[in-house]
Engineer: 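Before we start, here is the structure in question, set down as structure tokens.
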Amino acid sequence: MAKQVVTRTYTASIRNHQQVSDDLDSLGFAASKLWNVGRWVCDRVWSEIGHIPGHNELTTYLKSHERYDDLHSQSSQRVLQKLAEAFNGWYGKRRNGDTRANPPKYRKHGDDHPRSTVTFKAAGFKLDTNYERVRLSKGSNLKAYWSDFILCEYQTRPDVDLSTVETVQQVRAVWTGDEWELHFVCKVEIEVSEAPGEKTVGVDLGINNFAALAYEEGHSELYPLNCLKQDDYYFSKRLSQCDDSDSEQATRLNQKNSARRTHYFHTLSKHIVQRCVDEGVGTIVVGDLSGIREDGETDESKKWGKHGNLDLHSWAFDRFTSMLAYKAEMDGITVKQVSERDTSKSCSCCGRKRKANRVERGLYVCDECETVANADVNGAENIRQKVSPNPHGEDRSNGWLAQPSTFLFDKETGAFAPQEHVTS
Ligand SMILES: [Zn+2]
């Protein structure tokens, strides 16, 4: 066992909710108003000089704005940082060919503002773990009436003790839809296992096979989307029978679908980490989908949200990647993200890169060295090689690239099993 410092977020309820909810409401509304002011400034700057301001520029424009002083300066900064991140994320998706991605919206419903999350950084909160209380700073505009801070009495889960963590870096006040809760972002020292080995595995995430894995030793695995596709078909059919897409029934169906997806992601990430332990893998290399995907033509099969395909967006892959990293960390395995640039175009055996590679029925065929590979496995192997390149000129047998073992989610056992053993 080794010790390692990691980030954990702990949720806590607020015991004196009645006393503090009005104050928290006014901060939550203030955060939405500042967001909207920032959003409007972005529009203005864009129409005048064709550029969307970054986080620092926005802060410079707005720090003398009246709304900026509704919150503690660090809290206001965080709102503008989030806005800049949202714009960046939208840009990234547009570059990846996601034409349905929308720029960040205004936070307004008619004349009402929603309660946005308010973040308090080091100078904005004071924690008292003896009495389980935390003082949250208000902005100077909201201080006048009563006091300059909100005193929340919190309650964490019984197994969490904030007095034992290394540091509490941030406190977030989050509106759940019914009430406010607090999220403590902490640095925590945990016991992790020694890495199971030094080998690497490459993971290519996509919408045909959710994951394709290429192991350094020369074998490969596929995780098709069988059950997510069945779910999607089932839920979209049920949703189309709803009278109103905002109805309670539709909301319930959407929640159920998303819970099943979360369960699938948890089970898959756990399974992959276990496979890595079994195979002596110390590093998982995952393609980073947020960067530019490919130059030139887009790979049809990987286009996001194409009609008739599963409605999986890049955030689903981000979410899966962070689950995988979280679980891998406990077993001493590192997860590295690398750019996916050219990984679907290049031959993982000879490195030959072609504009028009031959991808037919999921196969990658190299004209140069005549390698035939499963296209997703070829991508995964290229991703793996970005961290652990193969020695040049090494004569490796590459038959495994075309013969992945396939694992399916077995609804009866709730686990992944090799295709031939799945009963449902
Ligand atoms: Zn080749």
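Indexing begins at 1, ligand by ligand and atom by atom, following the structure's order. What you are looking at is a predicted structure, and each value in this text was computed from that prediction instead of being measured.
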Engineer: Within the side chain of Asn36, is there an N or O that forms a donor-acceptor pair under 3.5 Å with the backbone of Arg107?
Structural biologist: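 Yes: the side chain of Asn36 pairs with the backbone of Arg107.
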Engineer: Working to 10°, measure the angle at the Zn ion (ligand 1) formed by atom SG of Cys350 and atom SG of Cys369.
Structural biologist: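 Approximately 110° at the metal, rounded to tens of degrees.
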Engineer: Between Trp400 (side chain) and Ala214 (backbone), is there a donor-acceptor pair under 3.5 Å?
Structural biologist: no
Engineer: Given SG of Cys366 on one side and SG of Cys347 on the other, what angle do they make at the Zn ion (ligand 1), to 10°?
Structural biologist: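 About 110° at the Zn ion (ligand 1).
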Engineer: Can you see which heavy atom on Phe125 is nearest to which on Gln170, and at what distance?
Structural biologist: CE2-CA, 4.0 Å
Engineer: State whether the number of non-hydrogen atoms from other residues, nucleotides or ligands found under 6.0 Å of Glu248 atom CD is greater than 12.
Structural biologist: no
Engineer: Taking both backbone and side-chain atoms into account, decide whether Cys349 has an N/O/S atom under 2.8 Å from the Zn ion (ligand 1).
Structural biologist: no
